[in-house]
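Right, one structure below, let's go through it.
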2 protein chains.
Amino acid sequence: MDEPEWLNAEELTAWKALAEVLFLLPAALESQLQRDADLAMADYMVLVMLSERDDHCMRMSELAASASTSQSRLSRIVARLEAAEFVTREMAPDDRRAVLATLTESGLAKLVAAAPGHVAQVRRLVFDRLTPAQVLSLTDIARALAHPDDHAACDGPPR
Amino acid sequence: MDEPEWLNAEELTAWKALAEVLFLLPAALESQLQRDADLAMADYMVLVMLSERDDHCMRMSELAASASTSQSRLSRIVARLEAAEFVTREMAPDDRRAVLATLTESGLAKLVAAAPGHVAQVRRLVFDRLTPAQVLSLTDIARALAHPDDHAACDGPPR
DNA sequence: CTAGTTTATTTGACACAGCAACTACTTCCC
DNA sequence: GGGAAGTAGTTGCTGTGTCAAATAAACTAG
């Protein structure tokens with residue numbers, strides 16, 4: 001393995017600031033949603049994903065992938081949401097292994113009630129603090145960082 | 001309350017990319033550290049904070065603040081680290097309510113062993129993907145976002 | 001000096017995430 | 001057709017985080 005290149009001064013200051021954001025921002029979003037809508041971020045994401053479908057319906061595995069969560073976690077989340085009557089679960093007609101989760105009326109109502117507060121929090125914590133130019137810059141940067149696994153194999157020797 | 005201003009197109013794309021980073025990057029760092037050093041990120045942070053002190057020693061409350069974690073969580077983390085003999089806990093001589101956590105030799109050794117892999121991961125997932133200009137830009141942006149609570153009270157009516 | 005308050009930390013109860021084992025169904029292939 | 005292999009989803013176990021209550025020491029005022 002290489003001599004591990006330490007971070008230089010600019011990188012270190014950038015990293016400290018980024019680490020703080022990585023740590024505190026999700027917590028701040030989570031806590032707003034929990035307090036105002038009694039939903040976890042993951043619950044909210046699931047409701048959003050379902051709401052974006054025309055039929056408000058998705059297979060568990062697909063839902064897990066779009067909400068970036070594991071199947072087992074999703075299974076428990078949906079069980080919770082089902083208990084709260086925000087979604088229903090039914091066997092898929094074409095493949096009887098699969099389960100279709102469907103957003104209910106009250107689930108949609110819950111989402112509609114929760115979304116404005118969440119968006120306001122995003123605005124307050126992110127966009128109110130950035131200039132339009134920074135927003136564009138952030139988009140590029142975030143996109144560059146957005147796929148941690150992609151370059152996993154690039155550590156190896158060049159072919 | 002205001003009409004909740006929805007996000008515009010630029011903000012929405014920025015938010016989607018940022019949300020992904022917020023979700024995946026910590027997980028990728030966590031999992032490298034867990035796999036290669038059997039440490040949680042929070043454990044690592046605690047070791048780092050202690051190592052940065054000349055005496056390798058800090059009060060629990062101070063440690064909780066610098067690692068951005070709750071006291072109760074820190075208490076359990078340090079209990080774990082103590083069980084692994086990476087830190088010791090002792091009553092503070094001047095204030096007998098307080099507890100001083102001290103990094104042990106083997107705790108420092110653990111940190112020294114874990115750090116290069118962690119830094120390499122940070123480099124691989126962050127700095128290898130950004131231009132120097134983007135690093136500077138990121139610093140500004142991250143600093144602007146870094147204190148979610150600061151403006152919490154600004155929502156209320158001015159006194 | 002002593003009752004009440006504030007500060008520092010831990011702990012019990014409960015909820016949730018991750019892993020691995022499990023069930024149930026489908027597909028592949030001879 | 002029928003068994004092996006693969007896929008979809010759930011669940012038991014265990015570890016960890018959170019909240020609130022508990023403990024204990026230090027201030028603060030009368």
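Because the structure is predicted, anything quoted here is derived from the model rather than measured. Letters A, B, ... are given to chains in the order of the sequence lines, protein chains preceding strands, and every chain is numbered from 1.
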Q.
Through direct or indirect side-chain contacts below 4.5 angstrom among Ile, Leu, Val, Met, Phe, Trp and Tyr, which residues connect to A:Leu136?
A. none

**Q.** Pairs meeting criterion side-chain hydrogen bond (donor to acceptor under 3.5 Å, both in side chains) with involvement of residues 107-122 of chain B, two or more places apart
**A.** B:Gln121-B:Arg124

**Q.** Axis bend over the full length of the helix from C:dC1-D:dG30 to C:dC30-D:dG1, computed from five pairs that close each end, to 10 degrees
**A.** 10°

Q: Using modelled atom types only, decide if a donor and an acceptor are shared between the side chain of B:Ser51 and the backbone of B:Val48 within a distance under 3.5 Å.
A: yes

Q: Rounded to the nearest angstrom, tell me the gap between atom CZ in B:Arg76 and atom C1' in D:dT14.
A: 15 Å

Q | Pairs where residues 54-76 of chain A contributes a residue and the test ring pair (Phe, Tyr, Trp, His ring centres under 6.0 Å) is met, not counting sequence neighbours | A | none

Q) Which hydrophobic side chains are connected to A:Leu24, either touching it within the sub-4.5 Å cutoff or through other members that do? A) A:Phe23

(Q) Taking side chain to side chain contact (heavy atoms under 4.5 Å, CB included) as the definition, give me every residue that meets it alongside B:Asn8, ordered by chain and number, with sequence neighbours left out. (A) B:Glu10, B:Glu11

Q: Sorted by first residue and then second, give each salt bridge (Lys or Arg N to Asp or Glu O under 4.0 Å) pair with at least one member in residues 91-103 of chain B; sequence neighbours left out.
A: B:Arg59-B:Asp95, B:Asp95-B:Arg97

**Q.** DNA chain D contacts made by residues 81-91 of chain B, counting heavy atoms under 4.0 Å
**A.** none

(Q) What range of DNA chain C does chain A touch, first nucleotide to last, counting atoms under 4.0 Å from its heavy atoms? (A) C:dC16 to C:dT26

Q.
Is any side-chain heavy atom of B:Met58 closer than 4.5 Å to one of B:Leu100?
A. no

Q) Do any of residues 53-75 of chain A sit with a heavy atom less than 4.0 Å from DNA chain D, and if so which? A) A:Arg59, A:Met60, A:Ser61, A:Gln71, A:Ser72, A:Ser75

Q) So, is B:Arg80 near the phosphate of D:dG17, with a side-chain N or O under 4.0 Å from OP1 or OP2? A) yes

Q: Please report the C-alpha distance between A:Thr88 and A:Thr104 in whole Å, then the side-chain angles of each, then the deciding distance to 0.1 Å, and finally whether the side-chain hydrogen bond (donor to acceptor under 3.5 Å, both in side chains) criterion is met.
A: CA-CA 7 Å; A:Thr88 56; A:Thr104 64; over 6 Å; no

Q.
If you only use heavy atoms from C-beta on, which nucleotide in D:dA26, D:dT16, D:dA8 is closest to the side chain of A:Arg97?
A. D:dA8

(Q) On DNA chain C, does the nearest nucleotide to A:Ile77 precede the nearest nucleotide to A:Pro93 from the 5' side, or the other way round? Give the residue. (A) A:Ile77

Q | Pairs meeting criterion side-chain hydrogen bond (donor to acceptor under 3.5 Å, both in side chains) with involvement of residues 61-74 of chain B, two or more places apart | A | B:Arg53-B:Glu62

Q: Would you mind listing every salt bridge (Lys or Arg N to Asp or Glu O under 4.0 Å) that reaches into residues 12-31 of chain A, with sequence neighbours excluded?
A: none

Q. Over how many whole Å does the gap from B:Leu39 atom CG to D:dT16 atom P extend?
A. 11 Å

Q) Are A:Glu90 and A:Thr102 close enough, and set up right, to give a side-chain hydrogen bond (donor to acceptor under 3.5 Å, both in side chains), and what steps lead you there? A) CA-CA 8 Å; A:Glu90 55 203 321; A:Thr102 307; 3.1 Å; yes

**Q.** Check: A:Trp6 main-chain N/O paired with B:Arg123 side-chain donor or acceptor under 3.5 Å
**A.** yes

